[in-house]
Number of protein chains: 2
Amino acid sequence: MARTSGSHSGITGPKILQEALRLFAQDGYAAVSMRKIAAEVGVQAGALYNYTPDKQTLLFGLMRNHMQQLTEAWAEQPTDGGPKAQLERFVRFHIRFHHARRDEVFIAYMELRNLTPENFEIIEALRRGYENELESILKAGVASGDFSVPDTKIAAMALIAMITGVNTWFRETGRLSLEDVETIYWDMARKSVTG
Amino acid sequence: MARTSGSHSGITGPKILQEALRLFAQDGYAAVSMRKIAAEVGVQAGALYNYTPDKQTLLFGLMRNHMQQLTEAWAEQPTDGGPKAQLERFVRFHIRFHHARRDEVFIAYMELRNLTPENFEIIEALRRGYENELESILKAGVASGDFSVPDTKIAAMALIAMITGVNTWFRETGRLSLEDVETIYWDMARKSVTG
DNA sequence: GTCTATAAAAGGATAGAC
DNA sequence: GTCTATCCTTTTATAGAC
């Protein structure tokens, strides 16, 4: 029988991150209490403070981890091929990665205003770094003549918004597979920056 | 000298809506207290309840007003021209209207989860109605041969996300005018659904 | 229509026992 | 590492005076 007090399962730390992530995504940072997180983890509220100095640090850690994993995962992608191949790779990578981390993506966008100014700057820098990866592809494509866009910065923002939007409507149970969706978005993205 | 108590300015109602809108957009619904709203309006918290039965109704009213004004403003736009002219009109209208109401747009997207289930359904129905307007244009364009898209529903979601994203980065003080931006987005949208 | 006062609940965070 | 107990603040909403 499970112990109901003084438990030392050794996985409380990860469980706190997991439940905080889920609850922040579901109800919003400001609407989630430390007591609620503790209840989902299966401990009392005071125990949370063995793992985080405060609620803000919990939020910031989740967002920083996500943005770092995003940029690292992209850095591990192949870099061969011309601008068109790279853009297709970016579109498919972005849609797959963001679909696999719906809660993290949601929080990283919705909870920016609940970060302290210092933490906000760190997250924003990571975000800009990722956006610059896409703009670099577009710039290379303009230079090579593969793409035709009047402003690579705006085109990058437009494409990022478009493909991130998949998360707002796509469901596994729908009539299309994620790969189908990737292909449709890649087709629209490609056409929007060519000819 | 202004009265500091028992004031009857006659504009408290509109001011409550105005300050609630601003604060909800700035800090988030859950993070804004009735006391804070009252302080910005210049009354005590209890006075707010002469104008709204509770905080939830205040949020819902702001979101419903926005969605209704959006759909009504689109309904007043001209309907002449072919699918391409209509799509250009939609893109430019959407960008202009959403830029003019940044706070309302932000709340209508960010605070959906803070609506009661009944209120959520009402707002979602209004949103779907607006999205269907765009999809109708795409369907007409496919039927006429002006557009080539494999799935009008997905194309509509992709285009809406793209053009709504303008609000996340555009600033009046930047190097481009809003009309410049409209033109760039219309160009990308047009190409993404043609040839 | 607004104020003051207050009820009743919930919040973040800490102290000390085990 | 976790619990219980608690401090102190803040919250939404209401009651009744003016």
Side-chain angles (χ1 to χ4, degrees), chain A residues 1-24 26-63 107 111 113-119, chain B residues 1-21 23-24 26-63 107 111 113-116 118-119:
Chain A
M1 179 176 172
R3 284 169 294 183
T4 57
S5 173
S7 175
H8 301 267
S9 64
I11 59 163
T12 298
K15 275 176 87 172
I16 290 171
L17 295 181
Q18 175 189 324
E19 295 303 325
L21 174 71
R22 190 177 64 77
L23 289 170
F24 288 166
Q26 180 182 292
D27 301 327
Y29 173 77
V32 175
S33 68
M34 295 297 269
R35 283 174 176 81
K36 176 69 175 171
I37 296 171
E40 294 292 314
V41 171
V43 297
Q44 292 300 314
L48 299 184
Y49 293 89
N50 290 319
Y51 299 90
T52 181
D54 50 40
K55 192 181 169 189
Q56 166 72 201
T57 304
L58 203 47
L59 174 65
F60 174 63
L62 290 170
M63 291 174 71
I107 288 174
E111 304 298 352
R113 63 185 165 192
N114 285 310
L115 292 174
T116 62
E118 308 80 44
N119 289 344
Chain B
M1 179 173 173
R3 285 168 295 184
T4 57
S5 172
S7 176
H8 301 268
S9 64
I11 58 162
T12 297
K15 275 177 88 172
I16 290 171
L17 295 181
Q18 175 189 325
E19 295 303 324
L21 174 71
L23 290 170
F24 288 165
Q26 179 182 295
D27 301 326
Y29 172 78
V32 175
S33 68
M34 295 297 268
R35 280 178 179 78
K36 177 69 175 169
I37 297 169
E40 295 293 313
V41 172
V43 297
Q44 293 299 314
L48 299 183
Y49 293 88
N50 289 320
Y51 299 90
T52 181
D54 49 40
K55 193 182 168 189
Q56 166 72 202
T57 304
L58 203 47
L59 174 64
F60 174 63
L62 289 170
M63 292 174 70
I107 288 175
E111 303 299 351
R113 62 187 164 191
N114 284 310
L115 292 174
T116 62
E118 307 79 43
N119 288 344

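These numbers come from the heavy atoms of this one structure, side chains and all, not from hydrogens, waters or symmetry mates. Note on naming: letters A, B, ... go to the chains in the order of the sequence lines (proteins, then strands), and numbering restarts at 1 for each one.
Remark: P of D:dT2 and CD1 of A:I16 are 7 Å apart, rounded to the nearest angstrom. Atom CG in A:N50 sits about 6 Å away from atom P in D:dG1, given to the nearest Å. The distance between atom CD1 of B:I37 and atom P of D:dA13, rounded to the nearest whole Å, is 10 Å. Spacing between atom OH of B:Y49 and atom C1' of C:dA7 amounts to 13 Å, rounded to whole angstrom units. One can place CG of B:L48 at 13 Å from P of D:dT11, the figure rounded to the nearest angstrom. Rounded to a whole Å, the CE atom of A:M34 is 17 Å from the C1' atom of D:dT10. Going from atom CG of B:D54 over to atom P of D:dT14 covers 8 Å, rounded to whole Å. The interatomic distance linking B:K15 (NZ) with C:dG1 (P) rounds to 15 Å, in whole Å.
Proximity note for A:Q44 (side chain, C-beta onward) versus C:dA13, D:dT11, D:dT4: the nearest is D:dT4. Comparing atom distances between the B:K55 side chain and each of D:dA13, C:dT4, C:dA13 picks out D:dA13 as nearest. Side-chain proximity of B:Y51 to C:dC3, C:dG1, D:dA13: nearest is C:dG1. When distances run from any side-chain atom of B:S33 to the nucleotides D:dT11, D:dT2, C:dT2, the shortest one goes to D:dT11.
Counting heavy atoms from C-beta outward, B:Y51 and B:L58 have side chains that stay 4.5 Å or more apart. At least one side-chain heavy atom of A:I37 sits less than 4.5 Å from a side-chain heavy atom of A:F24. The shortest distance between side-chain heavy atoms of A:T12 and A:I16 falls below 4.5 Å.
For the pair A:T12 and D:dG1, the criterion of a side-chain N or O lying under 4.0 Å from OP1 or OP2 is not met.
A:V32 comes within contact range of the sugar-phosphate backbone alone, with a heavy-atom separation under 4.0 Å but no base atom that close.
Considering all non-hydrogen atoms of both residues, A:P14 and A:I11 come closest at CD-O, 3.3 Å. B:L59 and B:E111 get closest at one heavy-atom pair: CD1-CB, 4.0 Å.
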